[in-house]
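The residues of the chain are indexed from 1 along the displayed sequence.
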Amino acid sequence: MPAPTPPALPLRGGVSASAVGLPAGPWATWLDFFTERFPHVPRDDWQARLRGGDIWDAQGRPLSPDAPYRAHGKAWYYRSLHDEPRVPFEAAILSLDDHLLVADKPHFLAVTPGGRYLHETLLARLRRETGLVDLQPLHRIDRETAGLVLFSIRRQDRDAYHALFRERVVEKDYEAIAPLRAGLALPCTRESRIVQGTPFFRQCEVEGEPNASTRLALAESCGNWGRYRLAPRTGQRHQLRVHMAALGMPIRGDAFYPAVTRGPDEADDHSQPLQLLARGIAFTDPVTGQRRRFESERRLSW
């Protein structure tokens, strides 16, 4: 999880200040450090931010562009993006109480800031909508996937909820639209070892002890397509997409598996969303002791 934002630094557009470590190095000034540390940002931009008092040390004191660089500790700054793409779909809040917020995420919306997306993320939007400055996701789903995401509201509850996911006692079920495959007996379980593949944004299966397990069942069929129920028992990145493709049933609209048809930095085709939905989630609430289950209100398209 990201480092906490110092109390003196408020959210900006629903986004927290970011921390950067300060290693030992040859930089004479703060301007030299930030220019080399983030070469994709022009030096003039860093100079303007530093002169404007928009970068701080760990005590919340503004850093000057010409002041001597000091190693160790952290500095804090707000990320900015030029021409951030607009995601023209809205999330819904299904439940909100003193401890949890449950969101129903649309396709194409990232859960947290990263890459091309900063303000156009589920976390930033929910913070702006609710004013809950300590809101943090308890788990992630892919930007391309729609469905349920849980957020903790209070910092003191966060570890208890994270423990549910660490200990794999959260029941999660997904739906996917994918081709029918003759001769495959269902339901079945796919187990394999998944690691980072090539290119860097893909995962792949390799020989070795399994670290990913998915239970699959066919819910219904229509023509050559099936609506599948998927129950992941582990949480590897892209696990469901990799397992379905490996079984010869790639999920409809998947641009990464079994082959790359559109890179992560290319414009999205909003008419062809990945037909994968985080449909349901159930658990015993560690704070209240209640048994809780939530269902997405979204539907996949044949």
Among Tyr77, Trp76, Tyr78, find the residue that satisfies the ring pair (Phe, Tyr, Trp, His ring centres under 6.0 Å) test when tested with Trp56.
Tyr78
Stepwise side-chain contact (heavy atoms from CB on, under 4.5 Å) check, Arg202 with His238:
CA-CA 8 Å; Arg202 295 179 81 239; His238 293 181; 5.7 Å; no
Please name the pair of heavy atoms, one in Arg143 and one in Asp268, separated by the smallest distance, quoted to 0.1 Å.
NH1-OD2, 2.7 Å
Using salt bridge (Lys or Arg N to Asp or Glu O under 4.0 Å), reason through Asp134 and Arg127 one step at a time and then give a plain yes or no.
CA-CA 8 Å; Asp134 287 332; Arg127 282 175 169 173; over 6 Å; no
For Gln239 and Thr214, which I'm curious about, is there any donor-acceptor pair between the side chains at under 3.5 Å?
yes
When you compare the side chain of Phe256 with that of Glu144, does any pair of heavy atoms fall below 4.5 Å?
yes
Relative to Trp46, does Arg43 satisfy both conditions: NZ or CZ under 6.0 angstrom from the six-membered ring centre, and within 45 degrees of the ring's axis?
no
Under a 3.5 Å distance rule, please check whether Thr121 uses its side chain to pair with a backbone N or O of Tyr117 as donor and acceptor.
no
Would you call Glu90 and Arg86 a salt bridge, taking side-chain N to carboxylate O under 4.0 Å as the test?
yes
Can a salt bridge be assigned to the pair Arg293 and Glu171 using a cut-off of 4.0 Å between side-chain N and carboxylate O?
no
We want to know whether Arg51 and Ser64 form a side-chain donor-acceptor pair, criterion being a heavy-atom distance below 3.5 angstrom.
no
Roughly how far, to the nearest 0.5 Å, is CG of Leu230 from CZ of Arg241?
12.5 Å
Pro286 side chain reached by Leu164 side chain, heavy atoms, under 4.5 Å
yes
Test item: Gln275 side-chain N/O and Pro273 main-chain N/O as donor-acceptor pair under 3.5 Å
yes
Tyr174 side chain to Tyr228 backbone, donor-acceptor under 3.5 Å:
no
Test item: Met244 and Leu216 side chains (from C-beta on) under 4.5 Å apart, heavy atoms:
yes
Check whether any side-chain heavy atom of Asp159 lies under 4.5 Å from a side-chain heavy atom of Arg166, and answer yes or no.
yes
Hey, can you tell me if Phe34 and Trp30 have their rings parallel, tilted or perpendicular (30° and 60° cut-offs)?
tilted
Quick one: do Asp54 and Arg12 make a salt bridge, cutoff under 4.0 Å?
yes
Using a 4.5 Å cut-off on heavy atoms from C-beta on, say whether the side chain of Arg49 contacts that of Ser80.
yes
Compare every heavy atom of Leu9 with every heavy atom of Ala17, then report the nearest pair and how far apart it is.
CB-CD1, 4.0 Å
Between Phe89 and His270 (judged by ring centroids, cut-off 6.0 Å), do the two rings come close enough to count as a pair?
yes
For Leu150, does its backbone N or O pair with a side-chain atom of His139 as donor and acceptor, under 3.5 Å?
yes
Test item: Arg292 side-chain N/O and Ala282 main-chain N/O as donor-acceptor pair under 3.5 Å:
no
Neighbour count >12 (heavy atoms, 6.0 Å) for atom CD, Gln156
yes
Residue pair Phe33 / Pro23: nearest heavy atoms and the distance that separates them
CE1-CD, 4.0 Å
Could you tell me whether a side-chain N or O of Arg128 sits under 3.5 Å from a main-chain N or O of Gly13, the two making a donor and an acceptor?
yes
Output yes when Arg37 and Asp32 qualify as a salt bridge under the 4.0 Å nitrogen-oxygen rule, no when they do not.
no
Quick one: do Arg125 and Glu120 satisfy salt bridge (Lys or Arg N to Asp or Glu O under 4.0 Å)? Show the steps, please.
CA-CA 7 Å; Arg125 286 186 179 184; Glu120 289 293 297; 2.6 Å; yes
Which atom names give the shortest non-hydrogen contact between Glu220 and Leu218, and what distance separates them?
O-CD1, 3.4 Å
Is there a donor-acceptor contact under 3.5 Å from the side chain of Asp57 to the main chain of Arg61?
yes
Gap between atom CZ of Arg215 and atom OG1 of Thr189 - 0.5 Å precision:
4.0 Å
About how many Å separate CD of Gln136 and OG of Ser16, when rounded to the nearest 0.5 Å?
6.5 Å
Would you say that Arg237 contacts Val242 through its side chain, given a criterion of any heavy-atom pair below 4.5 Å between the two side chains?
no
Ile153 CD1 to Asp98 CG distance, which is reported to the nearest 0.5 Å:
7.0 Å
Just by modelled atom types, is the Gln236 backbone N or O under 3.5 Å from a matching donor or acceptor in the Thr234 side chain?
no
Kindly indicate, with the supporting measurements, whether the criterion side-chain contact (heavy atoms from CB on, under 4.5 Å) is fulfilled by Tyr257 and Ile251.
CA-CA 8 Å; Tyr257 305 96; Ile251 298 172; over 6 Å; no
Measure across Ile281 and Asp173 and return the closest heavy-atom pair with its distance rounded to 0.1 Å.
N-OD1, 4.5 Å
When you look at His243 and Ile194, which way does the side-chain contact (heavy atoms from CB on, under 4.5 Å) test go after all the steps?
CA-CA 9 Å; His243 277 172; Ile194 295 178; 3.8 Å; yes
Please determine whether a side-chain nitrogen of the Lys or Arg among Asp104 and Arg279 lies less than 4.0 Å from a carboxylate oxygen of the Asp or Glu.
no
Any donor-acceptor N or O pair under 3.5 Å, side chains Thr112, Arg140:
yes
Test of understanding: clusters of I, L, V, M, F, W, Y form through side-chain heavy atoms closer than 4.5 Å, transitively. Do Leu123 and Leu118 belong to the same one?
no
Cationic N near anionic O, under 4.0 Å, Arg116 to Asp83
no
Looking at side-chain heavy atoms only, is the closest gap between Val195 and Cys204 below 4.5 Å?
yes
Rounded to the nearest 0.5 Å, what separates atom CG in Leu31 from atom CG in Leu63?
11.5 Å
Inspect the surroundings of CD in Glu297 and state if more than 12 heavy atoms from other residues, nucleotides or ligands are less than 6.0 Å away.
no
How long is the gap from CG on Asn211 to CZ on Arg193, to the nearest 0.5 Å?
5.0 Å
Do the side chains of Phe108 and Leu277 join up, straight or via other hydrophobic residues, at under 4.5 Å, putting them in one cluster?
no
May I have the step-by-step check of salt bridge (Lys or Arg N to Asp or Glu O under 4.0 Å) for Arg190 and Glu205, ending in yes or no?
CA-CA 11 Å; Arg190 177 74 175 186; Glu205 292 184 323; 2.7 Å; yes
Least distance between heavy atoms, Gly223 atom then Leu180 atom:
O-CD1, 3.4 Å
Heavy-atom check, side chain of Tyr69 versus side chain of Thr29, under 4.5 Å
no
Does the pair Arg262/Asp254 count as a salt bridge with the N-to-O cut at 4.0 Å?
no
Between Glu84 (side chain only) and Leu81 (backbone N and O only), is there a donor and an acceptor less than 3.5 Å apart?
no
Hey, mind stepping through Lys105 and Ser296 against side-chain contact (heavy atoms from CB on, under 4.5 Å) and telling me if it holds?
CA-CA 9 Å; Lys105 185 183 86 68; Ser296 172; over 6 Å; no
I'd like to know if the side chain of Thr145 pairs up with that of His107 as donor and acceptor (distance under 3.5 Å, no hydrogens or angles considered).
no
